[in-house]
Amino acid sequence: MADSIFKRYLEKKNNLIKNRGILQATYVPDVLLHRDYQIEEIVDIVAPSLNKDKPSNIIIIGQTGTGKTAVVNYVGHELERADAENKNCRYIYVNCEVIDTPYSILYNISNQIITDPNKKIPFTGWSLEKIFNELANYIDDENKIFIVVLDEIDMSFKKNGDDIFYYLTTINEMLKNSRVSIIGITNNSTFAEKFLSPRIRSRLGEEKIVFPPYTPEQLIDILKNRAEQAFYPNVLDNSVIPYCAAISAQGSGDARKALDLLRISADIAERNGDSIVTSAHVDYARQKIELDAVVEVIKTLTDQSKIVLMSIIKTPSSNDTGSVTTGEVYTTYVELSKNLGYNPLSQRMVANLISEMDMLGIITARVKSFGRGGRTKEIDVNKVSNDVFSILSSDDIFRGMNLNQKLKKQTTLM
DNA sequence: CGTCCACTGGAATCAAGGGTCT
DNA sequence: AGACCCTTGATTCCAGTGGACG
């Protein structure tokens, strides 16, 4: 048989990593290390549902990568397993980052409950009231305790306010047989206090559980545990795991990040044909992750946002700090978008887009007052890295434009 | 100390586009 | 076909404001 064109990959494939899946962020391990306390707390609260008593609502707070989702799902599935006859409780999980409108949340919950494909709720068209009443009926018919998990509730809240949470927490008043408990998960520690209106806060936050960031030692444990299953023996330099853990612990004790770092380091080592993963690979991986994140964000921006971003880069700075204001950017923007054949948006809209990109972390902006000169957002052009520029300028919508034209600060175009 | 700029930030509003229901 | 419904993206309106200038 002739050599496959993938020969070198086939030969290399199993050098270091035995089981890639275990290193993916989506992989749910069968043991959740260092979360015994939180698991126990949730179990204690949720357990009454096995006897058909309604548990308290819970709000879970903790930064990304602290195991909130994994723990809750674990407990949820164990709960259903304990409820062997499937008589008394039902566990439902909704991720509000993906499913982020009131309609789609209700739609999603309903269709997890409705089994008859002919009765499924259409993905649009109904009024919220109708879908809500229908949902309540189905829930009541089941005659069970429902544990509904709303993951990343702050995402939904930001867009829609807390009306759905109000609906969902008041649903019990419409039910005769069943009961609904809500578990809300958020990574914003001020979310509950700052954003939820009092009527929701008292209902939703009957119990509060905090997931602290992992300490470096805990991260090491977690990584070791996964590494044992994922790698062949002796392919990791001793420094690698502590290094990954240290880097991630610096940030926010994010286990997901630590795992990504480990996996990508190994990928790089493998691709390089190296027989062992070292901390040099980790350094390299860290850079790659950062760059990939930026690329990803820029790729998914809307055309208008890309034009605004380009305008920020192209606007000549009028002061010596190298920063630029909203008004200045807007002038450039109007011209640029006309050149590209787009209808310019209003200034208010552009200001929104700027704030948005600030939150995404690709630009740095802060409101600053220039006294009589007014109050505006000061956008730091220097912090917009060359990476951003080169990624952006290779985008389709700028094809054929001479981008050097007015560019004063940037003399080299990649 | 008060004024007053050039916006910000919030909210209400509109239009278009996806649908269902009768 | 016409009445309604939700979502999204944009527009319009408006009160509010930090701090340099006078």
Side-chain angles (χ1 to χ4, degrees), chain A residues 94-111 114 116-138 152-168 188 190-191 194-197 300-309 311-312 315 317-321 323-334 336-338 340-360 363-381 397:
Chain A
V94 176
N95 186 341
C96 300
E97 191 182 2
V98 189
I99 298 155
D100 59 354
T101 67
Y103 189 95
S104 63
I105 290 173
L106 292 179
Y107 160 80
N108 199 279
I109 296 174
S110 304
N111 283 350
I114 301 171
D116 184 346
N118 299 318
K119 298 248 171 77
K120 296 260 179 189
I121 288 166
F123 78 96
T124 175
W126 283 21
S127 72
L128 282 177
E129 194 178 343
K130 178 168 182 179
I131 200 173
F132 184 71
N133 290 333
E134 200 76 354
L135 173 61
N137 283 337
Y138 276 102
E152 312 275 343
I153 43 175
D154 41 325
M155 299 306 265
S156 162
F157 171 81
K158 252 182 240 154
K159 301 179 71 173
N160 318 298
D162 52 15
D163 278 356
I164 339 111
F165 308 138
Y166 183 70
Y167 282 145
L168 286 172
N188 185 339
T190 56
F191 172 73
K194 253 165 74 184
F195 301 117
L196 290 181
S197 58
T300 55
L301 289 177
T302 62
D303 286 359
Q304 291 287 6
S305 292
K306 287 175 189 165
I307 299 173
V308 172
L309 183 54
S311 305
I312 292 171
T315 305
S317 176
S318 56
N319 60 17
D320 41 350
T321 61
S323 58
V324 116
T325 70
T326 305
E328 290 165 352
V329 170
Y330 187 66
T331 325
T332 334
Y333 160 78
V334 171
L336 182 59
S337 57
K338 276 183 186 159
L340 291 169
Y342 285 79
N343 278 337
L345 300 173
S346 63
Q347 175 154 346
R348 184 67 191 78
M349 205 56 209
V350 170
N352 273 350
L353 294 179
I354 292 175
S355 308
E356 202 176 282
M357 288 190 283
D358 184 24
M359 281 190 289
L360 287 172
I363 60 174
T364 331
R366 57 195 169 285
V367 291
K368 193 187 173 187
S369 174
F370 293 92
R372 277 255 166 110
R375 191 162 170 271
T376 181
K377 253 202 177 103
E378 192 186 41
I379 305 155
D380 206 327
V381 182
I397 64 169

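Every chain is numbered from 1, with letters handed out A, B, ... down the list of sequences.
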Next item on the list: Quick one, give me the B/S/- string for nucleotides 16-22 of chain C, reading 5' to 3', where B means a protein heavy atom under 4.0 Å from the base and S means that only happens at the primed atoms, P, OP1 or OP2.
Entry: BBBBBBS

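The distance between atom NZ of A:Lys130 and atom P of C:dC6, rounded to the nearest whole Å, is 12 Å. Between A:Leu345 atom CG and C:dT8 atom P there is a gap of 18 Å when expressed in whole angstrom units. For A:Phe123 and C:dT8, the CZ to C1' distance is 14 Å, given to the nearest whole Å.
For DNA chain C, the neighbouring residues in residues 346-356 of chain A, judged by any heavy atom under 4.0 Å, are A:Ser346, A:Arg348, A:Met349. Within residues 95-103 of chain A, no residue has a heavy atom under 4.0 Å from DNA chain B.
From A:Asp100, atom CG reaches atom CD1 of A:Ile105 across 7.5 Å, with rounding to the nearest 0.5 Å. Atom-to-atom distance recorded for A:Thr326:OG1 and A:Ile379:CD1 is 5.0 Å, nearest 0.5 angstrom.
In this structure, the side chain of A:Tyr333 engages the main chain of A:Leu345 through a donor-acceptor pair within 3.5 Å.
Listed here is the closest heavy atom pair of A:Ser323 and A:Ser317: O-OG, 2.8 Å. Annotation for A:Thr376 and A:Phe370: closest pair CG2-CE1, 3.5 Å, computed over non-hydrogen atoms. Shown here for A:Ala365 and A:Asp358, the closest heavy-atom pair between the two residues is O-OD2, 3.2 Å. What you find for A:Arg348 and A:Asn352 is that their closest heavy atoms are NH1-OD1, 2.9 Å. A:Leu301 approaches A:Leu360 most closely through the heavy-atom pair CD2-CD1, 4.0 Å. The shortest non-hydrogen separation linking A:Asn111 to A:Lys120 is O-NZ, 3.0 Å.
Using a 3.5 Å distance cut-off with no hydrogens or angles, the side chains of A:Lys377 and A:Ser355 do pair a donor with an acceptor.
Over its length, the helix from B:dC1-C:dG22 to B:dT22-C:dA1 turns its helix axis by 30°, as judged from the five terminal pairs at each end, rounded to 10°.
For DNA chain B, the contact window with chain A, defined by any atom under 4.0 Å from a protein heavy atom, covers B:dG2 to B:dC21 in 5' to 3' order.
Scored by the side chain to side chain contact (heavy atoms under 4.5 Å, CB included) test, A:Tyr167 finds A:Phe132 as partners (sequence neighbours excluded).
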Next item on the list: Start with the C-alpha distance between A:Lys306 and A:Asp303, add both sets of side-chain angles, then the distance that settles side chain to side chain contact (heavy atoms under 4.5 Å, CB included), and finish with yes or no.
Entry: CA-CA 5 Å; A:Lys306 287 175 189 165; A:Asp303 286 359; 4.2 Å; yes

Margin query: The test is side chain to side chain contact (heavy atoms under 4.5 Å, CB included); show your working for A:Phe165 and A:Phe157 and say whether it passes.
Written below: CA-CA 9 Å; A:Phe165 308 138; A:Phe157 171 81; 4.1 Å; yes

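With A:Tyr103 as reference, A:Ile121 is the one residue of A:Ile164, A:Ile121, A:Asn160 to meet the side chain to side chain contact (heavy atoms under 4.5 Å, CB included) rule.
When the shell of 6.0 Å around NZ of A:Lys338 is examined, it contains 12 or fewer heavy atoms from other residues, nucleotides or ligands.
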